[in-house]
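What follows is a set of notes on a single structure, which appears directly below.
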Amino acid sequence: MTLRPGTATLGPVNASAHERIEAARVALAAAVTRPMQVMEVCGTHTLAIGRHGLRAVFPEPLRLLSGPGCPVCVTSGHDIDQALDLARRPGTRVTAFGDMLRVPGASGRTLEAARTAGAAVQVVHSALDALELARTSPAAEVVFLGVGFETASPAIAAAMRIALERRIGNFSVLPSFKRTPPAMEALCAAPDARIEGFLCPGNVSAIIGTRSYEPLAKRVPCVVGGFEALDILEALVELCERVRDGRPAVVNRYTRVVRDEGNPTALALLDELFEVGDAVWRGLGLLPGTGLHVRERYAALDARRRFGLPPSTADDLPPGCACGAVLRGVLLPPECPLFGSRCTPAAPLGPCMVSTEGSCAAYHKYGG
Ligand code: SF4
């Protein structure tokens with residue numbers, strides 16, 4: 001396959017895969033017979049599309065929007081401010097994934113700056129790492145900043161249950177979990193967006209199963225795709241053909257990983273620890289039913305209840321930041337006036353430029 005000069009390559013593929021990629025490219029061009037807007041919901045897809053250089057082979061009328069599927073990007077600034085508040089309290093240590101340290105709160109401050117100023121903030125690779133820190137530091141209150149979609153929340157739920165079973169009483173989670181399908185429903189209903197179909201995340205779908213998209217797929221096609229170049233192209237062909245022909249349905253193009261019923265063990269764990277509630281999404285505001293709240297019987301593990309913090313209710317973006325419009329699929333990242341000038345990965349202004357899976361960061365690194 002020939003790519004446009006200056007774009008990334010598709011990487012080493014064997015001849016058969018190469019031929020399939022070329023066939024998918026031709027099929028995609030045939031499917032997109034008019035201007036068409038579809039959305040990849042997942043930050044991992046956004047990153048993979050950039051890394052594989054796939055935008056270079058998309059047909060001109062296809063506008064592939066990048067949705068709110070980066071957990072770092074959509075974590076409310078209010079939640080970051082609450083983590084900052086906890087980090088300043090004597091005897092409390094706040095633990096978080098590394099990307100979260102650079103995201104500004106609604107106050108404009110970051111956990112990274114707080115750590116530099118002496119606050120107790122520590123990067124961990126998992127909730128289990130935070131739990132281990134709690135076990136080995138019994139005099140400290142260890143709080144884990146629990147962000148993520150259905151891919152991350154089961155592992156955090158597991159750490160919470162282990163904390164209870166092993167009576168590690170100085171561990172808690174500041175919950176900021178998000179649910180994917182209801183957020184997609186909300187995006188579809190937004191008056192300023194015109195999303196005609198969704199490329200659904202393979203990783204989230206492995207947990208929740210394809211059935212979770214069935215209500216939405218009565219209106220727009222939802223195609224689950226994996227993360228290799230061929231996975232993405234073939235899923236997009238299926239999606240765009242269905243948009244073209246007006247045939248909404250859920251289609252699983254990642255059958256080697258995703259099942260209709262999802263992962264029952266992970267779903268049971270989520271149901272045991274959490275209940276559905278509202279969530280504030282950065283740039284999108286309060287979306288009913290899109291969050292997971294800690295159930296009453298696990299209240300001791302909920303940092304908000306434990307430390308008397310109010311629920312997240314409002315959110316702010318830095319002045320001029322168009323992340324809300326980017327996350328709703330109204331703008332592509334380069335259409336933000338600050339993109340690449342006042343906002344870069346080295347000096348991010350908005351949350352979509354912070355994480356490697358943020359749409360603005362991916363566009364900045366790999367181009368459009
Ligand atoms: Fe926000 Fe920066 Fe993206 Fe603009 S380029 S939408 S300011 S993150």
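Atoms within a ligand are numbered from 1 in the order they appear, just like the ligands themselves. For clarity, every value in this text was computed on a predicted model and none was experimentally measured.
With a heavy-atom cut-off of 4.0 Å, Cys323 touches ligand 1 through backbone and side chain alike.
Ring geometry for Phe227 against His45 counts as tilted: the plane angle lies between 30° and 60°, on a 0 to 90° scale.
Looking only at heavy atoms of the protein, atom 1 (Fe) of ligand 1 is closest to Cys321 SG, 2.5 Å.
Taking a cutoff of 4.0 Å between a charged side-chain nitrogen and a carboxylate oxygen, Arg34 and Glu196 qualify as a salt bridge. The existence of a salt bridge linking Arg328 and Asp192 is confirmed by a sub-4.0 Å separation between a basic side-chain nitrogen and an acidic carboxylate oxygen. Arg219 and Glu185 are joined by a salt bridge, as a carboxylate oxygen and a charged side-chain nitrogen come within less than 4.0 angstrom of each other.
The aromatic ring centroids of His293 and Phe274 lie 6.0 Å or more from each other.
Residue-ligand proximity, Cys336 to ligand 1, at heavy-atom distances under 4.0 Å covers atoms 4 (Fe), 5 (S), 6 (S), 7 (S).
Distances shorter than 4.0 angstrom do not occur between any heavy atom of Pro333 and any atom of ligand 1.
Within the coordination shell of atom 1 (Fe) of ligand 1, defined by N, O or S atoms under 2.8 Å, Cys343 is absent. Taking 2.8 Å as the threshold, Cys360 counts as a candidate ligand of atom 3 (Fe) of ligand 1, since one of its N, O or S atoms lies below it.
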